[in-house]
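Below: one structure, written as structure tokens.
Read the numbers this way: they start at 1 and go in the same order the structure lists the ligands and their atoms. Each residue takes its place number in the sequence, starting with 1. None of the values given here were measured: they were computed from a predicted structure.
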Amino acid sequence: MLIKTPKGWELPEGKATPETIYQDRRAILRGMAAVGLVGSAAMTGLPRALLAAPAAAGSSLYPVPRNDRYTVSRPLTDEKIVTTYNNFYEFGSHKEIHSAAQKLETSPWTVTIDGMVEKEQQLDIDDLLARMPLEERLYRHRCVEAWSMVVPWSGFPMKELVKLAAPLSSAKYVVMETFEDSAMASGQRQFWYPWPYTEGLTMEEATNDLAFLVTGLYGKPLPKQNGAPLRLAVPWKYGFKHAKSLVRFHFTDKRPVSFWENLAKSEYGFWANINPEVPHPRWSQATERDIGTGERIPTVLYNGYGDYVADLYKDMKGEALFM
Ligand SMILES: Nc1nc2c(c(=O)[nH]1)N[C@H]1C(S)=C(S)[C@@H](COP(=O)(O)O)O[C@H]1N2
Ligand SMILES: [Mo]
């Protein structure tokens, strides 16, 4: 592992970072496991035979042209770090899940579009990619744990998928779901989590210029640990909104309850917009650690993307917009 952060208990009192304190996301769940459920039949699952790896989705399509509208003033985070320091609870609750995530089978991969749409559809990932305008964007990525990266994503604007889906005017939200397969993803045998990982956006958010569906990283197909073959990037929101390895886009008039909101709704909400002035209940969000440079830098409202998105929220005074 390239960047090893000390565990919370190895740090002197008061030196624990939000990231180490954050290990408590796990403690919440251990509590549930302790009620005597662990060890039941749900914990079993046969390891899948390793198949010869087929080519990653659309591998001949990369690199894709960069869209210079999305620039950054910080250095890009090393590819090595972006691909070895990950959150992907389907494969474990520590950061070093990149090798475990290689069990993910991404071919064939079918994406379902359903709910309040003109016509429900199932699309093979390669067909979907062939129909979408792929481009590269440099985005800042800010995790709720107060670390951040700068990432060159490849993908396509989410509004192109919404166009393809042709939602009914009654649709207000798009709900995204990660795959569910506990034989492949050992984390999903931890049945106290509300699998599948679910996230949602309003239609206005999903069709905002910034909302991006990611299919690649560093000019190559997306590595499995980063959410191959299709994951969300909404850079004005905390990282947990960026659901990985998506299999379903469901259009609905009901606001979904997302994975983390379901687990701890006093700590993680639906909106999850970045705001340095609204602390997490257990740590400050005023600064963040750039995981590439190690520098601690100030966090910025909407992660610096206010020009694109602040208008979306101007009439939502009663909502918990920043958690
Ligand atoms: N399905 C799924 N998606 C997920 C997560 C997860 O555990 N499972 N973790 C989220 C969190 S908390 C973050 S910070 C980002 C991390 O993305 P990265 O590993 O590509 O940096 O993925 C998000 N998407
Ligand atoms: Mo995160």
How many angstroms lie between CG in Leu104 and CG in Asp181, if you round to the nearest 0.5 Å?
9.0 Å

To the nearest 0.5 angstrom, please state how far the NZ atom of Lys220 sits from the OG atom of Ser154.
10.5 Å

Within a distance under 4.0 Å of any heavy atom of Phe240, pick out the atoms of ligand 1 and give their elements.
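Per the distance check, 10 (C), 11 (C), 12 (S).
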
For ligand 1, which atoms sit closer than 4.0 Å to a heavy atom of Cys143?
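Numbered from 1, ligand 1 contributes 14 (S).
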
Going by heavy atoms, is Arg231 under 4.0 Å from ligand 1?
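The answer is yes, since Arg231 has a heavy atom less than 4.0 Å from ligand 1.
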
Judged on heavy-atom distance to [atom], which of [options] sits nearest?
atom: atom 20 (O) of ligand 1; options: Ile81, Thr198, Asn226; value: Asn226
atom: atom 12 (S) of ligand 1; options: Thr178, Asn87, Val82; value: Asn87
atom: atom 19 (O) of ligand 1; options: Lys244, His242, Gln225; value: Lys244
atom: atom 16 (C) of ligand 1; options: Met176, Glu90, His141; value: His141

Would you please say whether a donor-acceptor pair under 3.5 Å links the side chains of Tyr268 and Ser258?
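No pair is found: no donor N or O on one side chain lies under 3.5 Å from an acceptor on the other.
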
Are any of the N/O atoms in Tyr85 less than 3.5 Å from those in ligand 1?
no

Can you confirm, on distance only, whether ligand 1 has an N/O atom lying under 3.5 Å from any N/O atom belonging to Glu145?
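No.
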
What do we get for Tyr89 next to ligand 1 when only non-hydrogen atoms under 4.0 Å count, side chain, backbone, both or neither?
both

Are Met184 and Phe88 linked, directly or through other ILVMFWY residues, by side chains that come within less than 4.5 angstrom of each other?
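Cluster IDs for Met184 and Phe88 match.
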
